[in-house]
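All ligand and atom numbering here is 1-based and tracks the order in the structure. The chain is numbered in sequence order, starting from 1. This is a predicted model, so every value here is computed, not measured.
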Amino acid sequence: MLSIENNKNLKQYNTFGLEVYCAFFVEINSQDDFKELIKTEVYKNSQKLILGGGSNILFTKNFDGLVIKNSIKGINIIQETKDDVLVKAGAGEIWHEFVMYCIKKNYCGLENLSLIPGCVGASPMQNIGAYGVEIKDVFYSLEAIDMVMGELKAFNTEECEFGYRESVFKNKYKGKYLITSVTFKLNKTPKLNTNYGAINDELKNMGITNAGIKEVSNAVIAIRQSKLPNPAEMGNAGSFFKNPEVSADKYTALKKQFDNLVAYPLENGNYKLAAGWLIEQSGLKGHEHNGAAVHTKQALVLVNKNNASGNSVFELSTYVLQKVNEKFGVQLEREVNIV
Ligand code: FAD
Ligand code: EPU
């Protein structure tokens, strides 16, 4: 039986820990719940917002519509060969718990993505990534319900149009589909990805010479815990901005001026710049604005340090955009979804 609540406080449902309210709130646990929901007057007459773990969202105001908290659970092996396995997870499964489940089973591919907050359903939204791996590398397919027609549709990798922190669901299908499950293709024989320098350094620190997937996961967790704030202790949504891509000409000009510029060459000839470095070099590490702050250990992360409002966090992000542009002539782009 569906229960639609009125005037719900979303403080527990967003990792910035902001006290904002939505007009209507409903939690769905199955596709049948959604079929029931779609028939209601509240659904028909309201603006809608799907929420997983609320770890990539900034509420700048109350939401005058229906929040649909997706809690569809379930993990199933749908195909297995001697080399790989297709694992299907409900959108409402907690991402890190799902990663831990796969590691326990010795399924390889998700270990570099350990400890990312949020739910499985949001992972393809922005093609989550960390330490040299993105969802697209292990993605097989997903199922999503058309929010107008109520029909279930399957999407393969190509149809998802994955890019760096991008997918078709963030662009032309924004707000159109509710993702109900995601299927991943994982290896049964470990193919570890430890190219990301920090992982090897961490494994060395831990005294590990012959790492398996559990050790890689532990190394990733240790690195993350050393620089990313725990949302339970200080509200945040991870990287607030994307790392910007610039042309080779722009890179060369910047490199001449700033010898220690942190940048990575891309296959298309452009360069990706470390936005955290740009922000830090703009003198903004630790900078505060009405309770919001640039994190002292990772300048790419904005935190709710002291009872900030969503609007203060947003204003701080605008200030960061302006300062980085003034110093480097580079326009950063927000990565977090703004409501
Ligand atoms: P939410 O914030 O609830 O939603 C995000 C967006 O997806 C919203 O637009 C929402 O409407 C939509 N959405 C959610 N679920 C569904 C669904 N089932 N169907 C359709 N649309 C949906 N991200 C990385 O990529 N790499 C990192 O290393 C990383 N580190 C982080 C560290 C910290 C401390 C924090 C707080 C965040 C970090 N993030 C990182 C960002 C965040 O964890 C991911 O973007 C995550 O996938 C968001 O999941 P969520 O369930 O919380 O999504
Ligand atoms: N740096 C600084 N100062 C800072 C922060 C970073 O100089 O305050 C420089 C450092 O030189 C560092 C480089 O920037 O070597 C890169 O930093 P880091 O390895 O911490 O990664 P990032 O580029 O800041 C990205 C993702 C993270 C992901 C990590 C690890 C984006 C927007 N962010 O951060 O994802 O966990 O790499 O792969 O791509 C997220 O999306 O929320 C997120 C946390």
Side-chain angles (χ1 to χ4, degrees), residues 10 13-17 28 34 48-59 67-72 90-96 112-135 142-145 147 164-165 167 169-170 173-182 196-199 220 223-244 260-264 272-281 284-286 294-303 332-339:
L10 297 175
Y13 296 92
N14 74 98
T15 59
F16 265 115
I28 58 162
F34 188 75
K48 291 162 274 289
L49 174 71
I50 304 163
L51 212 52
S55 65
N56 201 35
I57 208 157
L58 175 71
F59 287 99
V67 165
I68 305 169
K69 163 87 180 128
N70 190 333
S71 295
I72 300 175
E93 291 287 343
I94 306 290
W95 176 260
H96 181 64
N112 295 44
L113 302 172
S114 297
L115 211 62
I116 296 182
C119 297
V120 165
S123 64
M125 277 294 296
Q126 62 151 16
N127 181 23
I128 58 168
Y131 302 99
V133 175
E134 289 181 329
I135 274 294
L142 66 76
E143 287 179 333
I145 305 180
M147 293 192 58
Y164 165 59
R165 296 296 192 274
S167 78
F169 303 103
K170 244 187 135 172
Y173 292 156
K174 194 174 159 75
K176 229 179 157 291
Y177 285 96
L178 177 128
I179 296 167
T180 54
S181 70
V182 186
Y196 208 92
I199 298 185
V220 167
I223 302 165
R224 295 181 69 91
Q225 285 175 335
S226 71
K227 49 181 159 183
L228 291 169
N230 178 352
E233 287 156 17
M234 193 163 8
N236 75 94
S239 301
F240 201 90
F241 307 94
K242 290 187 188 180
N243 286 324
N260 52 348
L261 178 74
V262 181
Y264 318 92
K272 191 171 269 189
L273 306 181
W277 185 89
L278 298 174
I279 297 168
E280 181 172 354
Q281 297 301 314
L284 293 170
K285 217 170 192 177
V294 177
H295 189 46
T296 47
K297 290 187 192 162
Q298 225 296 3
L300 198 45
V301 178
L302 301 188
V303 293
L332 294 183
E333 193 188 325
R334 291 182 184 88
E335 191 242 347
V336 169
N337 296 283
I338 311 291
V339 176

- Query: Is Arg165 in contact with ligand 1, taking contact as a heavy-atom separation below 4.0 Å?
  - Reply: yes
- Ala299 versus Glu280, closest heavy-atom pair with distance: CB-N, 4.0 Å
- Note on the structure: atom 49 (O) of ligand 1 has as its nearest protein heavy atom Ala122 CB, 3.3 Å
- ligand 1 and Ile128, any nitrogen or oxygen pair closer than 3.5 angstrom? no
- Any N/O of Leu178 closer than 3.5 Å to an N/O of ligand 1? no
- Considering only the protein, which heavy-atom contact is closest to atom 50 (P) of ligand 1, and what is its distance? Gly53 N, 3.4 Å
- Query: For atom 16 (C) of ligand 1, which protein heavy atom lies nearest, and how many Å away is it?
  - Reply: Ile50 CG2, 3.6 Å
- Query: Of all the atoms in ligand 1, which lie at a distance below 4.0 Å from a heavy atom belonging to Leu51?
  - Reply: 3 (O)
- Message: One residue to check: Arg224. Relative to ligand 1, which of side chain, backbone, both or neither has a non-hydrogen atom less than 4.0 Å away?
- Response: side chain
- Under 4.0 Å between a Lys/Arg side-chain N and an Asp/Glu carboxylate O for Glu333 and Lys242? yes
- Query: Closest approach of Gln298 and Lys227, non-hydrogen atoms and distance?
  - Reply: CB-O, 3.8 Å
- Note on the structure: of all protein heavy atoms, closest to atom 39 (N) of ligand 1 is Ile116 CG2, 4.2 Å
- Contact (N/O only, under 3.5 Å) between Gln126 and ligand 1: yes
- Query: Would you say ligand 1 has an N or O under 3.5 Å from any N or O of Gly118?
  - Reply: no
- Item | Asn243 side, atom CG; Arg165 side, atom CZ - distance, nearest 0.5 Å | 8.0 Å
- Kindly assign one of parallel, tilted or perpendicular to the pair Phe169 and Tyr173, based on the angle between their ring planes and the thresholds 30° and 60°. tilted
- Could you tell me whether Gly52 and ligand 1 have an N or O pair separated by under 3.5 Å? yes
- ligand 1-proximal atoms of Tyr177, by part, heavy-atom distance under 4.0 Å: backbone
- Query: Starting from atom 18 (N) of ligand 1, which protein heavy atom do you reach first, and at what distance in Å?
  - Reply: Ile179 O, 3.0 Å
- Query: Heavy atom under 4.0 Å from ligand 1: found in Ala130's side chain, backbone, both, or neither?
  - Reply: side chain
- Message: Is there a polar contact, in the sense of an N or O pair closer than 3.5 Å, between Pro117 and ligand 1?
- Response: yes
- Note on the structure: Any heavy atom of Asn236 under 4.0 Å from ligand 1? The part involved is both
- Specify the protein heavy atom at minimum distance from atom 7 (O) of ligand 1: its residue, its atom name, and the distance to 0.1 Å. Met125 CG, 3.4 Å
- With heavy atoms under 4.0 Å as the rule, classify the contact between Pro229 and ligand 1 as side chain, backbone, both or neither. backbone
- Which heavy atom of Ala130 sits nearest a heavy atom of Ile116, and at what distance? CB-CD1, 4.1 Å
- Numbering the atoms of ligand 1 from 1, which are under 4.0 Å from a heavy atom of Gly238? 31 (C), 32 (C), 33 (C), 35 (C), 36 (C), 37 (C), 38 (C)
- Task: Just need the protein heavy atom nearest to atom 1 (P) of ligand 1, so name the residue and atom and give the distance.
- Result: Gly54 N, 3.5 Å
- Task: Considering non-hydrogen atoms only, spot the tightest contact between Ile223 and Tyr131 and give its length.
- Result: CG2-OH, 3.5 Å
- Item | Test side-chain contact (heavy atoms from CB on, under 4.5 Å) applied to Ile28 and Ile72, step by step | CA-CA 7 Å; Ile28 58 162; Ile72 300 175; 4.2 Å; yes
- Message: For ligand 1 and Asn56, I'd like to know whether there is a polar contact (N/O to N/O, distance under 3.5 Å).
- Response: yes
Does ligand 2 have any N/O pairs with the protein under 3.5 Å, and how far apart?
| from | atom 1 | to | atom 2 | distance (Å) |
| --- | --- | --- | --- | --- |
| ligand 2 | 3 (N) | Glu280 | OE1 | 2.6 |
| ligand 2 | 7 (O) | Glu280 | OE1 | 3.4 |
| ligand 2 | 8 (O) | Glu280 | OE1 | 3.4 |
| ligand 2 | 8 (O) | Lys285 | NZ | 3.4 |
| ligand 2 | 8 (O) | Ala299 | N | 2.8 |
| ligand 2 | 19 (O) | Tyr196 | OH | 3.2 |
| ligand 2 | 20 (O) | Lys227 | NZ | 3.0 |
| ligand 2 | 20 (O) | Gln298 | NE2 | 2.9 |
| ligand 2 | 23 (O) | Asn243 | ND2 | 2.8 |
| ligand 2 | 24 (O) | Gln298 | NE2 | 2.7 |
| ligand 2 | 33 (N) | Ser239 | OG | 2.9 |
| ligand 2 | 35 (O) | Arg165 | NH2 | 2.9 |
| ligand 2 | 38 (O) | Tyr131 | N | 2.7 |
| ligand 2 | 39 (O) | Tyr164 | OH | 2.7 |
| ligand 2 | 39 (O) | Arg165 | NH2 | 3.4 |
| ligand 2 | 41 (O) | Arg165 | NE | 3.2 |
| ligand 2 | 41 (O) | Arg165 | NH2 | 2.9 |
| ligand 2 | 42 (O) | Ser239 | N | 2.8 |

- Message: What protein heavy atom lies closest to atom 48 (C) of ligand 1? Include the residue and the distance to one decimal.
- Response: Ser55 OG, 3.2 Å
- Query: Is the shortest N/O to N/O distance between Leu228 and ligand 1 below 3.5 Å?
  - Reply: no
- Task: With rounding to the nearest 0.5 Å, note down the distance linking NE2 in His295 to CG in Leu284.
- Result: 15.0 Å
- Task: Report the part of Asn337 in contact with ligand 1, treating N, CA, C, O as backbone and CB onward as side chain, heavy atoms under 4.0 Å; options are side chain, backbone, both, neither.
- Result: side chain
- Task: List the atom of Thr15, the atom of Ser55, and the distance in Å for their closest heavy-atom pair.
- Result: OG1-CA, 3.2 Å
- Task: Measure Asn70 to ligand 1 on non-hydrogen atoms and call it side chain, backbone, both or neither using the 4.0 Å cut-off.
- Result: side chain
